[in-house]
Structures are given as structure tokens and as C-alpha cells.
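Here the structure is a predicted model, which is why all the values come from computation and not from measurement.
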2 protein chains.
Amino acid sequence: MNYQQLVSFIRRQRSFLCVGLDTDLRKVPAHLLNEESPIFTFNRAIIDATAPYCVAYKPNLAFYETYGVKGWQAFEDTVRYIRQHYPSHFIIADAKRGDIGNTSAMYARAFFEDLDVDALTIAPYMGCDSVEPFLGYEGKWVVLLALTSNKGSADFQLTEGTDGMKLFERVLKTSQSWADASQMMYVVGATQGAKFADVRRLVPYHFLLVPGVGAQGGSLQEVCQYGMTDDCGLLVNSSRGIIYADNTPCFAEAAAAAAHALQEEMAVELEKKGL
Amino acid sequence: MNYQQLVSFIRRQRSFLCVGLDTDLRKVPAHLLNEESPIFTFNRAIIDATAPYCVAYKPNLAFYETYGVKGWQAFEDTVRYIRQHYPSHFIIADAKRGDIGNTSAMYARAFFEDLDVDALTIAPYMGCDSVEPFLGYEGKWVVLLALTSNKGSADFQLTEGTDGMKLFERVLKTSQSWADASQMMYVVGATQGAKFADVRRLVPYHFLLVPGVGAQGGSLQEVCQYGMTDDCGLLVNSSRGIIYADNTPCFAEAAAAAAHALQEEMAVELEKKGL
């Protein structure tokens, strides 16, 4: 999906919600555990319930890999299900990969060619040649970790260089010479909404993938106030707040309601921007 | 495997060689492609041929994930094969993971409990709480990326902070408060052997996993001169130079010869240190 298609879809859906499919068998409703593939069965129900209210899905690979071959199968089934039934939705494989060039090229092929996801999260530590192999695919995106919302983000991401620039700012700045806003997004954690003003000075146009609204504690209004662009420029993720809204057989209805509530807040923010 | 067991095994084997299982179906001998699982068949032959000359195996996950469910199965089969037939050998899952706490905990469970590998490579960008979940397992190790050997390593790893410390040095220093030399190793690229003197000033005792000897161009003698400790403290990896030494039906014999040649050089270096 290219930049313009993503912006159009956001306008049509009145939403910039990304639903994080962090599916954990210890948290899904007990009645699903007898299914042949409880992870996929759960995901399918969540997807059907939330698709009207979101524009993107973000399965976090860790949750699938922890179940080995079966988990990997459930991940593939989930991606294929979204592709087939909701072809307009954007799919982000939250993999946080990043390796030397030839290895990154293997990942790029796996995720962009074989699985046909739209975007992949990448860790920037290994630099340019670990990211470049992902940039040769038209309509495919790299979502680079910049400022994450966890406590440990302060350990290195906030380290100041001799030029006064923090590491996450350097990542934002340096990586813009690798690809423009049509192929690159950034992960920017939402716990401090005002930080978005600093981020927007460095990346005025790029989409930002914002985790941490909801369970991790960020405020949607603040994120929009400081982070929204004329093309929206935001994908706001919620995982636990939606997919574990309820763990009874009514889990899907509860997920729909939680996603709907966020979508309504988002519609207000889009309206404010004239989008 | 704990620190003392690893040091003893290195002394016994007269080797600190790690064989990188970066198995690529485009490079394995053609006659294997008709096998039911060409990746596992290739790995098994390489492992049987090289086990007398090495102390560790390092499958790089990217090469397996690129083949989806089948690749993941081949990875699991490979780890189980080593565990069963060569229980003294150290297994490093080269995964370069690193995520927020609860997600890292999922990875830790998958790799340390279910698969029973000895170590996992981790990217440091997300800081302490992305690494901590891996440190709760006795005899299991985190191999933290510090200085990688690729061109892009200069983009961020060499950035100097206001205190004159480069980012990779900060990673080495900060992370020592997370775990000691019995649970933590560091990836330090080998293209500039003299860099190891600086590294050893910061981490005098930790094991270093050194990629880039061989195909990536580092010199074994230089690495040992500047990087070896009284307990060896080095695992030197070679991937392509061993596993693709030949692509005829004699590939395993060629791999054995390449590993044996490196082992003999390593025995000389161990001897020099009185190990």
C-alpha cells in the first residue's frame, strides 16, 4: 500500500487505529483452547470484529514465535486472512529485525514477497545497510524504532551526542537520507505527548507508529495535538485494551466496542484537522 | 551451559570456533534439494562433519524464517539434533531480538525453555528492560550486540556522547550492571583487530562473540592478540567459509577441512596463552 492509499483509507475509515495482535494463549478466552488453532481462531474473530474501526493490524512476532512451528503457522494464517478478507487494511509485522545486509535481504524476501505484509518494524542499531534491503519494494514500508515507550528507552535512546542531539533524534535525522516518507515510518512512544513536538521538527511529514496509547498510558489527544500532520501522519496502536477487553465468549463484541470507542475519538481528531 | 563448563570445553576441544549455520537454499549443493527437508539435511551433515573442531553452533534465524513454517521446523530440528548428539556444544540462536519487557519474556520462554538453546543474540536499542527477561535463566546467556562488523555500524554505534564515550562503549559499560560475565557476552566485529584493546579495557572478562573472521575479513591472530583473556574469552564465528567451502556432494568433507584448519590455528593461540 502506498502513501496516498494509506491516507485515503484513513479518511474513509475515519480512523488511524492499528490493532496490535499480541495474542497470548494465557489470556485468550478458555473456550478457544480446544480449537485446532486457538491463536488463529482468536485472531480471526478479533479481526472480523474490529475491521470496521481500524486501518491496520500489527501482529507482534514474539507472541507467535513463542509457540514455535504452530505459532508461525498461526501468524501466516492471520496475515493471509487479513489479505483475503480485508485487502484495504495495512499489515505491520512487528518483528524488530535488523541484521547485516545479506541477512536483512532474507528477511525482506520472507516478509514482503512470501507473506506480502505492508510493513516491518526494524531496529536501527546496525545502521544503513541493515535497513536498505527492505527499501527495494514499492509500496512496502520500514517502520524504524526511534523512541520506544518502555523504561529502558532512556538507557541509550536518550543519550546525547557531542552535537546535543539525542540518539533517537539522530536515528530520525540520519535515516531520512535512506528513504522518504513514502517508504519509512517511525515508532515513537506516546507516554510523553509533548515529545511529539520535538519529533515533528525533525520529521515533519513521516507517518509515526505510536504504541502505548491505552494500556501503556499515553493520551490520544496529546499525541494528535503535537503529532498529527495535514495527512494525519499517525497510526496509533492499541493491543491489550482491545483484544483483551473481555475474556468470556463475548470477547469479540467487547473488542469491537473498545475499537469503536477509539475510532470515535479519532474521528473527532481528524475532523479538527479538516481531514 | 555455565561459564566454567564453556571454558573447560574450549580447553578440551583446543578450539573456540563457532560455526554459523546461515543455511541458504540457493547455496546448498543441488543434490540436497530433493530431500524432504534440505535445510535440516544440510545442517546435519555440516554438524557431524564439524563437531570435532568447534565448540559452538550459531543458526541465524533470518535464514530459517525466510522459509516460513518449514524453515522454523528446520531450525527446531537443527537445535534438537545438536542437543541430542553433541550435548557439550554451545548453541547460540542468532535472533537479534529485543522488545519491551513482556514481549522479551515471550522470546525468553520460547528460546530458553522450549528450545533449550544456550544463548540468544539481543539488540540493545530498547535498553535494560528489553534484556532483563532473558537473564532469569541459570546457565543461559545473552549475547548483546555491541560493535558489529558491517558498514552501517558507523551510523550509530560509533556516535560519540558528551562524555567522549561511543555508543557501543556505552552499551558495553551500561549493560555490565545488568549481568556479569557468567550470563552476558558481547558481539564485537573483527574487521579492526586493534579495536579489541579498547573493548577489553571496558570488558576485561566477558566472552566476546566475534563474527567477521574469514569471509568478512578479520584476522584471527589480531583478534587473539588484543582480545583473548586468561579464560580464552572468545568465540570466533565462521559461517560461509565453512558451510559453503564446497557445493558438490563432498561439501561436508570440505566443511570439516575448513573447520579443522581454523581449529589448528586456534590451538596455537590457546597454547600461546597457556590454555
Shortest non-hydrogen contact from B:Val203 to B:Gln176?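 B:Val203 and B:Gln176 have their closest heavy atoms at CG1-NE2, 3.1 Å.
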
Only residue of B:Tyr81, B:Tyr57, B:Tyr64 satisfying ring pair (Phe, Tyr, Trp, His ring centres under 6.0 Å) with B:Phe75 is B:Tyr64

What part of B:Thr162 is in contact with chain A, defined as an atom under 4.5 angstrom from a non-hydrogen atom: side chain, backbone, both or neither?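 It is both, since atoms from each part get that close.
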
So, the part of B:Leu115 with a heavy atom under 4.5 Å from chain A: the answer is neither

Per-residue contact mode, A:Val171 against chain B (heavy atom under 4.5 angstrom):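 Both backbone and side chain of A:Val171 come within 4.5 Å of chain B.
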
Heavy-atom proximity to chain B below 4.5 Å, by part of A:Asp99: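 Both backbone and side chain.
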
Any donor-acceptor pair under 3.5 Å linking the side chain of A:Asp22 with the backbone of A:Ser239? no

[options]: which one forms the most heavy-atom pairs within less than 4.5 Å of chain A?
options	answer
B:Ala110, B:Gly164, B:Ser104, B:Ala105	B:Ala110
B:Val69, B:Asp155, B:Leu145, B:Asp114	B:Val69
B:Ala154, B:Ser130, B:Pro124, B:Cys128	B:Pro124

Winner by heavy-atom pair count (cut-off under 4.5 Å) against chain B, out of [options]:
options	answer
A:Glu65, A:Lys96, A:Arg109	A:Glu65
A:Phe111, A:Trp72, A:Phe168	A:Trp72
A:Gln157, A:Glu132, A:Glu160, A:Lys151	A:Gln157
A:Thr103, A:Asp163, A:Asp24	A:Thr103
A:Lys70, A:Met126, A:Met165	A:Met126
A:Arg97, A:Glu76, A:Glu113	A:Arg97

When the ring planes of B:Phe42 and B:Tyr244 are compared, do they come out parallel, tilted or perpendicular, using 30° and 60° as the limits?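 It falls in the parallel class, under 30°.
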
How are the rings of B:Trp141 and B:Phe207 set to each other: parallel, tilted or perpendicular (split at 30° and 60°)?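 B:Trp141 and B:Phe207: perpendicular rings.
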
Residues A:Tyr107, A:Phe112; criterion ring pair (Phe, Tyr, Trp, His ring centres under 6.0 Å); working and verdict: CA-CA 8 Å; A:Tyr107 276 129; A:Phe112 289 159; over 10 Å; no

Derivation and outcome, side-chain hydrogen bond (donor to acceptor under 3.5 Å, both in side chains), residues B:Asn43 and B:Thr78: CA-CA 7 Å; B:Asn43 284 355; B:Thr78 300; 3.0 Å; yes

May I ask you to decide whether B:Asp118 forms a salt bridge with B:Lys58, counting only side-chain N to carboxylate O separations under 4.0 Å?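 Result for this pair is no, no salt bridge flagged.
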
So do B:Val187 and B:Leu147 actually touch side chain to side chain, heavy atoms under 4.5 Å?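 When only atoms from C-beta onward are counted, B:Val187 and B:Leu147 do not touch, as no gap falls below 4.5 Å.
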
